[in-house]
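Just so you know, residue 1 is the first one in the sequence shown, and it goes up from there. Being a predicted model, the structure only gives us computed values, none of them experimental.
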Amino acid sequence: RSNLIMSSELKVDTISEKTSANGVVIDGVTVKDGGIASSFITGGTGKVLQVVQATSTTSTNRTATTYGDTTLTGSITPSATGSKVLVLIAQAIDIQSNTTQNNDGKVKVVRTISSTDTDVYDGDGFMKINADYGAFGYSQTRGSYAINILDSPNTTSACTYKTQMKVGATGSSITAQINSNPSHIILMEIGA
């Protein structure tokens, strides 16, 4: 009696996981939530595993000395807990002083995982944009400001990154995306 070896091919449009959140295993590789763990990717260490970009053109003004959202936000779901997220931000900012004192605008970056916010870049310590009122009263400073962060969220849950801003002097103002000038956030998952 002879053994007959046959090759076969299975063609399907969709494979769905049997148990929610467990993913689907194909030849020992788990595919879960649209991603494959970096340990199964040859040379995955230091490689870019996915890229997400988001843009805001919504003009947002703030006159408070406490932080509030700028409407620039992006989300990424890491495929492995050891992955890092490279956050690249180009934020269009306009800041105005009042007529009696200088103003400094401050921008920070917040990461949200399952409704828990964590400051990953604190504008109080690192980013101040000055507008000096000088001899002619109020002044204005405008430009696109870059923030680059390599974050370690240590999760495979969705991570949302956003910027917030505030002014340093009452009666002054800070505006993101003034005149609908775009701001951008790029999120890259880097393999561990």
How far apart are the closest heavy atoms of R111 and S152, and which atoms are they? NH2-O, 4.2 Å
Nearest atoms (heavy-atom pairs only) where T81 meets T156: N-CG2, 3.7 Å
If I compare all heavy atoms of T58 with all of S56, which pair ends up nearest, and what's the gap? N-OG, 3.3 Å
Would you give the length of the straight line joining atom CG of L86 to atom CG of N148, rounded to the nearest 0.5 angstrom? 7.0 Å
Can you hop from V107 to Y145 via hydrophobic side chains spaced under 4.5 Å? yes
One thing to verify: whether D122 and K108 come together as a salt bridge, which I'm taking to mean a side-chain N less than 4.0 angstrom from a carboxylate O. no
Could you walk me through whether S180 and T57 pass the side chain to side chain donor-acceptor pair (under 3.5 Å) check? CA-CA 5 Å; S180 298; T57 56; 5.3 Å; no
The test is side chain to side chain contact (heavy atoms under 4.5 Å, CB included); show your working for Q53 and H184 and say whether it passes. CA-CA 7 Å; Q53 177 175 322; H184 307 281; 3.9 Å; yes
Is there a donor-acceptor contact under 3.5 Å linking the side chains of K166 and T66? no
Which heavy atom of T163 sits nearest to which heavy atom of I89, and what is that distance? CG2-CD1, 3.7 Å
Can you measure from OG1 (T175) to CG (D94) and round to the nearest 0.5 angstrom? 5.5 Å
Can you tell me how far OG of S83 sits from CD1 of I190, rounded to the nearest 0.5 angstrom? 8.5 Å
Will you find, in the side chains of S144 and Q91, an N or O donor that is under 3.5 Å from an N or O acceptor? no
Calculate, to the nearest 0.5 Å, the distance between atoms NZ and CG belonging to K162 and D69 respectively. 3.5 Å
With no hydrogens and no angle check, do the side chains of T70 and T60 hold a donor and an acceptor under 3.5 Å apart? no
Between Q177 and L72, is there a donor-acceptor pair closer than 3.5 Å when you use the side chain of the first and the backbone of the second? no
For I76, which of V52, V51, L49 qualifies under side chain to side chain contact (heavy atoms under 4.5 Å, CB included)? V52
Path from L150 to I186 over hydrophobic side-chain contacts below 4.5 Å: yes
Would you say I185 ends up clustered with I149 if hydrophobic residues are merged whenever their side chains have heavy atoms under 4.5 Å apart, either directly or through other cluster members? yes
Pi-cation contact, Y67 with K106 (under 6.0 Å, within 45°): no
Of all residues at least two apart in sequence or in a different chain, which pass the salt bridge (charged side-chain N to carboxylate O under 4.0 Å, His left out) check with R62? none
Taking all non-hydrogen atoms of both residues, which atom of S173 and which atom of N61 are closest, and how far apart? CB-ND2, 3.7 Å
Taking side-chain hydrogen bond (donor to acceptor under 3.5 Å, both in side chains) as the test, write out the residues that go with T112, two or more places apart. D117
Working to the nearest 0.5 Å, report the span between OG of S59 and CG of N181. 9.0 Å
Provide the full list of salt bridge (Lys or Arg N to Asp or Glu O under 4.0 Å) pairs with a residue in residues 170-180, sequence neighbours left out, each pair given once. none
Hydrogens and angles aside, do Y121 and D151 bring a side-chain donor and acceptor to less than 3.5 Å of each other? no
Which atom names give the shortest non-hydrogen contact between A92 and S183, and what distance separates them? N-OG, 2.8 Å
How about C159 and T77: do any of their side-chain heavy atoms sit closer than 4.5 Å? no
Without swapping roles, check the side chain of T73 against the backbone of Y161 for a donor-acceptor pair under 3.5 Å. yes
